[in-house]
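Below, read A as the first sequence line, B as the second, and so on, with proteins coming before strands; counting in each chain starts at 1.
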2 protein chains.
Amino acid sequence: MAERGRPRNFDRAAALQQAMNIFWQRGYEGASLCDLTAAMGINAPSLYAAFGCKEALFREAVQLYSEREGLLTARALTEQPTARQAVEALLRDNVGAFTDPKKPAGCMIVLAATNCSTANQAISDHLLERRRFITAALRRRLQRAIKEGDLPRVDVTAIANYYTTLLQGLSIQARDGASRAALNRIVDCGMATWNTLIETAKTASLIKA
Amino acid sequence: MAERGRPRNFDRAAALQQAMNIFWQRGYEGASLCDLTAAMGINAPSLYAAFGCKEALFREAVQLYSEREGLLTARALTEQPTARQAVEALLRDNVGAFTDPKKPAGCMIVLAATNCSTANQAISDHLLERRRFITAALRRRLQRAIKEGDLPRVDVTAIANYYTTLLQGLSIQARDGASRAALNRIVDCGMATWNTLIETAKTASLIKA
DNA sequence: GCATTTATATATCGAACGATACAGAATCAG
DNA sequence: CTGATTCTGTATCGTTCGATATATAAATGC
């Protein structure tokens, strides 16, 4: 353990988590360095020494968020036996997280950089990539269901995009103060229509072909 | 018309429209005064003399946006004969507007202040109020449909919230670069399930009662 | 002990932010 | 014409932004 020099005086992981919460709550540009250092309990030079710059800190915070909160989504998609159960678990689990009073409302990936100045386009693009990754994961899960015979041959892109859109809308609703019950009521609507939706995607896909 | 003093050298309405476009594209905080004055073709003092301050300019821009783009929604809700047609027209017309290449993608009311610094909470609240107004208009339209016998007695709040969520999700999808065809494909999914959804909202409402 | 290394706290830095002071230009009333 | 009024362009204002220079404190290696 060749830890030369004065040892760090704060818990880097704990500080990162605080930074994540601030970014989650206020967005990339809405979170000032002053906000960040105050929440992290350190001064600016310590922040820069430990994380590089604001953008690098944000990317680490997004990574932490993905590992923490994205776990819900990943588990819902992999562990549920059927596509329908996977989609419903994905929606319900995220609604639960979106309305956890101990956390900022809604999804950080969706909300933290919806509008950025042109100088921070890279930040927007980074989150856009993450959003597309989630949609792709859902699409792959639906494809797996077709292969497993759990789902008829449907337009998986359409279904995945539809539920992604609903999920992103739920983030806005959560941020706007909707209750967990209200959001679950919306999920009820989204899931009640599953059978019809699959039929539609099937026929539409056939019409296209 | 006692127009005293030196006359204004620019078209106030045209300048406001340019400001609206900048706010629409970059959001309230993402749009700097430099961006605004450049797009409006005027200098800062002219902007302040004509509009007061950045926040007042933004509120006027939101008002203009509501009158211009909100017209689509208002017309869809009032002019279509049935609730189903009204909702579908609302979604289709907004998808058309969201993907108009001559305009910024997505809805300004949804995207322009999703994450604001605490100093500009009033801006967020203003747009939140507008969003709630739109949901309320949809809910009233559904209630009207029940009164007209066009719709069974359903949980109109749930249906209105569901389609609002979908519409807000569509704004994010549009901003993320989704094509008009892709968004219409999502609307297909949302509308294909109308009958099932109404049945569900009916029974659920009865269960509740 | 002493040199080296790294982290900390204070005190900024230059740039960009929203917003104005000011002088000059353009119109009106008389 | 003169005086009053309003708009315009230049040149800032004070503040906050993200990011650092500097000196000191706390650890290690020898």
Side-chain angles (χ1 to χ4, degrees), chain A residues 1-16 18-19 22-23 25-61 112-113 115-124 126, chain B residues 1-16 18-19 22-23 25-61 112-113 115-124 126:
Chain A
M1 290 302 154
E3 292 256 16
R4 309 256 306 211
R6 178 175 176 174
R8 184 175 284 132
N9 209 3
F10 62 95
D11 182 340
R12 190 182 188 280
L16 177 58
Q18 291 304 315
I22 296 293
F23 280 131
Q25 186 172 37
R26 308 187 190 178
Y28 178 70
E29 292 186 337
S32 71
L33 274 186
C34 192
D35 295 333
L36 290 165
T37 53
M40 297 164 85
I42 59 177
N43 293 113
S46 296
L47 188 155
Y48 281 87
F51 298 99
C53 64
K54 188 187 181 186
E55 178 168 344
L57 174 61
F58 181 75
R59 287 172 187 270
E60 274 201 59
N115 45 1
C116 259
S117 62
T118 48
N120 293 314
Q121 181 89 35
I123 297 291
S124 294
H126 182 61
Chain B
M1 291 303 146
E3 292 257 19
R4 307 258 307 211
R6 180 175 176 172
R8 184 174 285 133
N9 210 3
F10 62 95
D11 182 340
R12 191 182 189 279
L16 177 59
Q18 291 304 315
I22 297 293
F23 281 130
Q25 186 171 35
R26 308 187 191 178
Y28 178 71
E29 292 185 337
S32 72
L33 274 186
C34 193
D35 296 333
L36 291 165
T37 53
M40 298 164 85
I42 59 178
N43 293 113
S46 297
L47 188 155
Y48 280 86
F51 298 99
C53 66
K54 189 188 181 187
E55 178 169 343
L57 174 62
F58 180 75
R59 286 173 187 270
E60 275 201 58
N115 45 359
C116 259
S117 60
T118 48
N120 293 314
Q121 181 90 33
I123 297 290
S124 294
H126 182 61

Separation of atom [atom1] in [X] from atom [atom2] in [N], rounded to whole Å:
X: R4(A); N: dC30(D); atom1: CZ; atom2: C1'; value: 10 Å
X: K54(A); N: dT20(D); atom1: NZ; atom2: P; value: 14 Å
X: N43(A); N: dT24(D); atom1: CG; atom2: C1'; value: 14 Å
X: F23(B); N: dG18(C); atom1: CZ; atom2: C1'; value: 11 Å
X: L57(B); N: dG18(C); atom1: CG; atom2: C1'; value: 12 Å
X: E29(B); N: dG18(D); atom1: CD; atom2: C1'; value: 16 Å
X: N120(B); N: dC17(C); atom1: CG; atom2: P; value: 14 Å
X: Y48(B); N: dT12(D); atom1: OH; atom2: C1'; value: 14 Å

Which listed nucleotide ([options]) is nearest to the side chain of [X]?
X: R6(B); options: dA7(C), dA19(C), dG24(C); value: dG24(C)
X: N9(A); options: dC17(C), dT8(C), dC7(D); value: dT8(C)
X: L33(A); options: dC17(C), dA19(D), dT10(C); value: dA19(D)
X: A44(B); options: dA19(C), dT8(C), dC17(C); value: dA19(C)
X: P7(B); options: dT20(C), dT27(C), dT8(C); value: dT27(C)

Whichever of G52(A) and D35(A) has the more 5' nearest nucleotide on DNA chain D, that residue is D35(A)
Bend of the helix from dG1(C)-dC30(D) to dG30(C)-dC1(D) from end-axis comparison, five pairs per end, nearest 10°, comes to 0°
Nearest heavy-atom contact between N115(A) and R26(B) is CB-O, 3.5 Å
Residues A113(A) and S124(A): closest non-hydrogen pair is O-OG, 3.4 Å
Does the side chain of D35(A) come under 3.5 Å of the side chain of S32(A) through a donor N or O and an acceptor N or O?
yes
Open item on the list: I want to check one thing: is the phosphate of dC7(D), taken as OP1 and OP2, less than 4.0 Å away from some side-chain N or O of S46(B)?
Closed with: no
Discussion item. What I'd like to find out is whether the side chain of D11(A) reaches to under 4.5 Å of the side chain of L16(A), using heavy atoms alone.
Written reply: no
Show me, pair by pair, the donor-acceptor contacts under 3.5 angstrom made by side chains of residues 47-57 of chain B, not counting sequence neighbours?
unit_1	atom_1	unit_2	atom_2	d
K54(B)	NZ	Y28(B)	O	2.9
K54(B)	NZ	A31(B)	O	2.9
E55(B)	OE2	R59(B)	NE	3.2
E55(B)	OE2	R59(B)	NH2	2.9

(request) Report yes or no: does E29(B) contribute a side-chain atom to a donor-acceptor pair with the main-chain N or O of S117(B) at less than 3.5 Å? (result) yes
For A31(B), which contact category applies under a 4.0 Å heavy-atom criterion: base, sugar-phosphate, or nothing?
-> sugar-phosphate
Distance col, row Q25(A):CD vs I22(A):CD1, nearest 0.5 angstrom, shows 6.0 Å
